[in-house]
Amino acid sequence: MGRAGTTALNPCQAEAFGGLGLRRESHHRNRGWLSPFVVNAERAKSVLVERNDEELVAAVRRGDTASFEALVRKYQPRIFATARRYARRESEVEDIVQEVFIKAYQKLDTFRGDAPFEHWLMRLAVRTCYDFLRVHQRNREHHFSDLSEPEKDWLDRFVAEPDQAPENAEAARTLVKRLLEMLSPKARLVITLLEIEERSVKEIAALTGWSVSLVKVRAFRARAEMRKCLQKLKREQYL
Amino acid sequence: MNLAKLQEKLLAAARLDRPSEQVPYAFEQRIMARLRQVAQDSTEVWTAWARMLWRAATPCLGLTVVLVGLAAFTGALQGTSLSLGEGLETAVYAVLTEPAD
């Protein structure tokens, strides 16, 4: 298929890929191996004849599994970034991303095309992350007793001068990660989407499949849960 | 300690900490390989199921042929006054029918 696709190029495209490569390809055709020039030409062709998401989804539905690779390549950076918000270890992140794309492939028939493919995929990603949080709920940390020295220093600085404690400090980042890990899966998801990613309540409802009022209720409870965790921190560190 | 302020500060810190979009090398190929594996696994399940059904069907068919042959040979199929439908009905309701005595 690969070679047939290459020979179907028009002269302009051939020029764009480097005519020499294509001429060499025809020279090697009878030798039964694919030259590096052919591979390059194939790549260049895929760039030139870039299909949009709807076309790629339709191709996958028709049984062209290879078209799914283009969708994976396009969206994997975003899915990785989303997964990294919920999982700490890189192996867990990779597992989440893999699960998202496998689910996407298996459930592609349920994609109606009313909304962009990206929205549908992100909804799937958020739900997979939420499932991950629920499965790993038991591994959550429940105390602040093992704070590192920089974290303690940052807190001391905050207690002394709340406005002077830098928000971009590494200690603040690790502290907030620790705090998020103490939250329940629901609370963590809502806090992440609403407070950290700064999404609207409507967007969160669309991503999670919850109603708007349920998102508001869960956001209220999540903030209260977070405040409770901070009270725990205050008790453990300063009383 | 002002907890509301601390919460605000920590959330601001989280907002500044944008997760990386970096993807491991050739990760899409790993996904495609996994998809092929999943498709192959599901095909294998159906293949195994079909093979098992065929294996079970062959002796069943053989036994049926033997029993029909035996019945024909002993004359059990002849001389009955019941039609096929009546015979089936009698057989189905045999359990519910009270003994004659």
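In what follows, every heavy atom counts, from backbone to side chain, and hydrogens, waters and symmetry copies are set aside. Letters A, B, ... mirror the listed sequences (proteins, then strands); counts begin at 1.
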D163(A), L179(A), L71(A): which one forms the most heavy-atom pairs within less than 4.5 Å of chain B?
-> D163(A)
Side-chain ion pair, K74(A) and E118(A), N-O less than 4.0 Å = no
When rounded to the nearest 0.5 angstrom, what distance separates CH2 in W120(A) from CZ in F117(A)?
-> 5.5 Å
In Å and rounded to the nearest 0.5 Å, what is the CD to CG distance from E181(A) to L133(A)?
-> 9.5 Å
Please flag which part of E197(A) lies under 4.5 Å from any non-hydrogen atom of chain B: side chain, backbone, both or neither.
-> neither
Side chain, backbone, both or neither of I191(A) within contact of chain B (heavy atoms, under 4.5 Å) = side chain
Find the one option among T82(A), I79(A), V93(A), V97(A) whose heavy-atom pairs under 4.5 Å with chain B are most numerous.
-> V97(A)
Hey, could you give me the CD/CZ distance between E225(A) and R188(A), rounded to the nearest 0.5 Å?
-> 12.0 Å
Chain B contact via T192(A) - which portion, at a heavy-atom distance below 4.5 Å | neither
Which pair of non-hydrogen atoms, one from W154(A) and one from P166(A), has the smallest distance, and what is that distance?
-> NE1-O, 2.8 Å
Q106(A) versus chain B, the contacting section by heavy-atom distance below 4.5 Å | side chain
Taking atom types as modelled and ignoring hydrogens, do the side chains of R51(A) and S67(A) form a donor-acceptor contact shorter than 3.5 angstrom?
-> yes
Under 4.5 Å, counting heavy-atom pairs only, tell me which of Q29(B), K5(B), R36(B) racks up the most with chain A.
-> K5(B)
